[in-house]
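Here the structure comes first, spelled out in structure tokens, and everything after it is commentary.
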There are 2 protein chains.
Amino acid sequence: MSGLGQIFLEMKKKTSLSDIAKALDVSTTLVSLVLNGKAKEHRISQRMCEKVKAKAKELNYVPNHLARGLRTGKTNTLGLIVADIANPFFAKLSRAVEDEADKHGLKVIFGSSDENAEKSAELIRIFQDRQMDGIIVAAAEKTEDQIEELLETKTPVVLVDRYFPDLNVDLVAVDNYQASFNAVEHLVSQGHKRIGMIGIRGDIYHLQKREEGFRDGLKAHGLEENDDWIRFTSSWKEFSEISEQLEHILSSPERPTALFLAKNHLGVGALEYFQNKGIRVPEDMAIVSFDDSETFRLASTPVTAVEQPIEQLGREAVKLVVEKVKGKVENKEYREVFLQTQMLVRESSGPHED
Amino acid sequence: MSGLGQIFLEMKKKTSLSDIAKALDVSTTLVSLVLNGKAKEHRISQRMCEKVKAKAKELNYVPNHLARGLRTGKTNTLGLIVADIANPFFAKLSRAVEDEADKHGLKVIFGSSDENAEKSAELIRIFQDRQMDGIIVAAAEKTEDQIEELLETKTPVVLVDRYFPDLNVDLVAVDNYQASFNAVEHLVSQGHKRIGMIGIRGDIYHLQKREEGFRDGLKAHGLEENDDWIRFTSSWKEFSEISEQLEHILSSPERPTALFLAKNHLGVGALEYFQNKGIRVPEDMAIVSFDDSETFRLASTPVTAVEQPIEQLGREAVKLVVEKVKGKVENKEYREVFLQTQMLVRESSGPHED
DNA sequence: CTGAAAGCGCTTACAG
DNA sequence: CTGAAAGCGCTTACAG
């Protein structure tokens, strides 16, 4: 038992402002002022400042963030909700957000919504009870109501990557329509005339935009929109669903010579499927996928991909939210920022010759 | 100006316990008890409970985490420091930590140390002032002192993946020595006799272990340890450094027939280099890399890789820290958990015939 | 130049 | 069964 006592005595206990104040026989006001760099404006003597700072260091003082936040109503923290932190796109986005926030003296708390409205609601609640100064969200499907509610709060909100067109909210996203349109144009320029696509079913706006851009791309060139070639999977990850749709496309009469994959994992899935089946890319089937990756770069046939400006997405999102946090922009005002993508042309979209 | 007033009036302001108490004309004690599920043990009437809960919902009450934390000294939050959240290994690890923490009702705050001791110190300070209940760290180089200091605190700490052998601290890591040893054995079994390696210079313990396991693997089979074949890069990411070392190895007299790459990005770099130079894998050079990835699976020659049990790493780390947070394990006690890796044999380590 | 005191929103020992 | 009050560690308006 006395051994136990020993153990606790060995551990440094946290130092508070008043510990410093007592040790120096001054008020906590003074200590607080000095440690917060407000000594100058309160004309506190140089000597006192040094004494306080020295003692703070000696006692290993760390300010208590909870107490400060409770008092000031500011936490200097941003909440970020992504679909899945283990998805490279969001991992990079998170990193970009973290770096940019850092420049503004803000920390970031991440959460994965898992493409799940309930988890998203839970995260929003948590971010609210932790008094985040601002919240950045890559919105999951069916969370429009949640965002709308959040907007009635005084917490600044920015949507990134995913968004809802009818909501009056700050947002930063990629021009998905144009990106898909360009992908079609590229394939057309390579001589392809029968072009298919795999997308994701559901009412996720940015994915709808990709489909729209794709279809308009076909129309612009007078090409056929064939329902046997334009297919959708319902889930986010099931490989079996991807191969099912690929089989449908491949077995359709007069199958397409090129395919547009509307999301990175669809591109990866297609690559894997073709590899397993011995289908040659691009000779048997040319492909263009959304969202570049190391895998596409180093694949047996390097894959032509639509590269998203992930860092810029993250940076802009932070900038928008910070402007509101700092009160530079009225909370009710909203801005929409759209960024252009870039097509990285590699071998997989090689030319088609009849 | 009156327009401005309007705007603020429209925004819901936060509800506190006492708002509910006032609305119901009861004490905050009562409200707190009910909302924290302690109604039963205080024998508060069923009717009262329902009234309180209804009002809380009506007023959209969200508990203030800062106030609660300040009062109780608990934040129900874990801090996690990784080298880089955009690195897939750490992204997956973070996800695993997040999921496991969730099971224990804990949230996770992430931070990237960037392999940088100063950023690491900064993060530790932040996690301390935010009163994290526990801290999980994948330690960067030269942060041994920081961890040691942190251990004198009452905050439970667990190291994951990276660690310092001399510190008495909970840790969860992979058996790096054995993994590398096995990699050599595999190459030997494929007929390779001249085997090289690329590692990272510096005193990072787990990387030293990989080198040790590699060298002992060679010794165990009576193979040559040739300094022209065993090379190191200093930085973490520079492709030029990797190609420099590869060039050295390839141009050495009697060059090796197989190569062990001690980290994922070295494997990727080697792959890229060989691809650019038209060196065939495994015919001209067989390879085994640490740390599996999608890229390795789908590469032109799929790459044999040492797969780490990332999810288990994350899960175990959380379990260890939670045991201390919940007071089930004495803080000064420490446990070391080592997990086995698995070799995923693919084409890149194909047989060597003389 | 410096200090006493209030208050942020909670929880909880104590009292009845 | 319910309430008054203290206190967690800060910041800041006010007073001198």
Side-chain angles (χ1 to χ4, degrees), chain A residues 13-52 55-56 59-77 125-126 128-133 154, chain B residues 13-52 55-56 59-77 125-126 128-133 154:
Chain A
K13 69 163 188 289
K14 296 223 166 89
T15 309
S16 72
L17 275 189
S18 74
D19 291 333
I20 301 175
K22 263 176 220 152
L24 256 30
D25 203 33
V26 297
S27 73
T28 59
T29 308
L30 179 68
V31 178
S32 169
L33 258 21
V34 171
L35 263 23
N36 286 304
K38 299 189 179 167
K40 280 264 153 57
E41 57 195 271
H42 286 259
R43 288 187 277 163
I44 294 167
S45 71
Q46 192 76 27
R47 265 195 66 245
M48 189 47 96
C49 278
E50 277 159 23
K51 265 171 63 181
V52 170
K55 186 56 84 176
L59 296 180
N60 224 313
Y61 174 69
V62 183
N64 183 320
H65 173 261
L66 302 177
R68 179 181 289 171
L70 180 59
R71 176 58 225 245
T72 62
K74 290 265 164 236
T75 54
N76 295 315
T77 310
R125 206 190 47 67
I126 287 170
Q128 284 188 103
D129 83 31
R130 300 202 174 205
Q131 322 287 122
M132 297 292 100
D133 289 346
K154 65 180 204 317
Chain B
K13 68 163 190 290
K14 296 224 166 89
T15 309
S16 72
L17 274 189
S18 74
D19 292 332
I20 301 176
K22 263 176 222 152
L24 255 30
D25 202 34
V26 297
S27 73
T28 59
T29 308
L30 180 67
V31 177
S32 170
L33 258 20
V34 171
L35 263 22
N36 286 305
K38 297 189 179 165
K40 279 265 152 58
E41 58 196 90
H42 286 260
R43 288 188 276 163
I44 293 167
S45 72
Q46 192 76 28
R47 265 195 66 245
M48 188 49 93
C49 278
E50 277 158 22
K51 264 171 64 182
V52 169
K55 185 56 85 178
L59 296 180
N60 223 313
Y61 174 69
V62 182
N64 183 320
H65 173 261
L66 302 177
R68 179 182 288 170
L70 180 59
R71 177 58 225 246
T72 63
K74 290 265 165 237
T75 53
N76 296 314
T77 310
R125 205 189 47 68
I126 287 170
Q128 284 187 102
D129 83 31
R130 300 201 173 205
Q131 322 288 122
M132 298 292 100
D133 289 347
K154 66 181 203 318

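Note on naming: letters A, B, ... go to the chains in the order of the sequence lines (proteins, then strands), and numbering restarts at 1 for each one.
Contacts between residues 20-28 of chain A and DNA chain D, defined by a heavy-atom separation below 4.0 Å, involve no residue at all.
Of all nucleotides listed (C/dT2, C/dC10, D/dC8), C/dC10 comes nearest to the side chain of B/Leu17. Distance from the side chain of A/Arg68 is smallest for D/dT11 among the nucleotides D/dC8, D/dT11, C/dT2. Ranking C/dT11, D/dG9, C/dT2 by closeness to the B/Asn36 side chain, first place goes to C/dT11.
In this structure, B/Lys38 places its NZ atom 8 Å from P of C/dT11, rounding to the nearest Å. Straight-line distance from the CG atom of A/Leu70 to the C1' atom of D/dG9: 9 Å, rounded to whole Å. In this entry the distance linking CD of B/Gln131 with P of C/dC10 reads 18 Å, nearest Å. When rounded to the nearest whole Å, the span between CG of A/Leu35 and C1' of D/dG9 equals 13 Å. Note: NZ (A/Lys74) to P (D/dG9) measures 24 Å, nearest angstrom. Rounding to whole angstrom units, CD of residue A/Glu41 and P of C/dC1 are separated by 15 Å. A/Asp19 has its CG atom 10 Å from the C1' atom of D/dG9, to the nearest Å. For the pair A/Tyr61 OH and D/dG9 C1', the computed distance is 7 Å after rounding to whole Å.
You won't find any donor-acceptor pair under 3.5 Å spanning the side chain of B/Thr72 and the base of C/dT12, going by distance alone.
Between B/Ser32 and C/dT11, a side-chain N or O to OP1/OP2 separation shorter than 4.0 Å is present.
Nucleic acid contact for B/Leu33: base, since at least one base atom lies under 4.0 Å from a heavy atom of the residue. Using a 4.0 Å heavy-atom criterion, one finds that A/Leu30 contacts the sugar-phosphate atoms exclusively. Residue contacts for A/Thr29: at a heavy-atom cut-off of 4.0 Å it reaches a base atom on one of the strands shown.
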Measure all distances between protein nitrogen or oxygen atoms and nitrogen or oxygen atoms of nucleotides 14-16 of chain D, and list the pairs falling under 3.5 Å.
none

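Note: A/Thr75 OG1 to A/Leu66 CG = 10.5 Å, rounded to the nearest 0.5 Å.
Stem regions for DNA chain C, each three or more consecutive Watson-Crick or G-U pairs with both distances under 3.5 Å and listed by first number, read C:1-3 with D:14-16, C:5-12 with D:5-12, C:14-16 with D:1-3.
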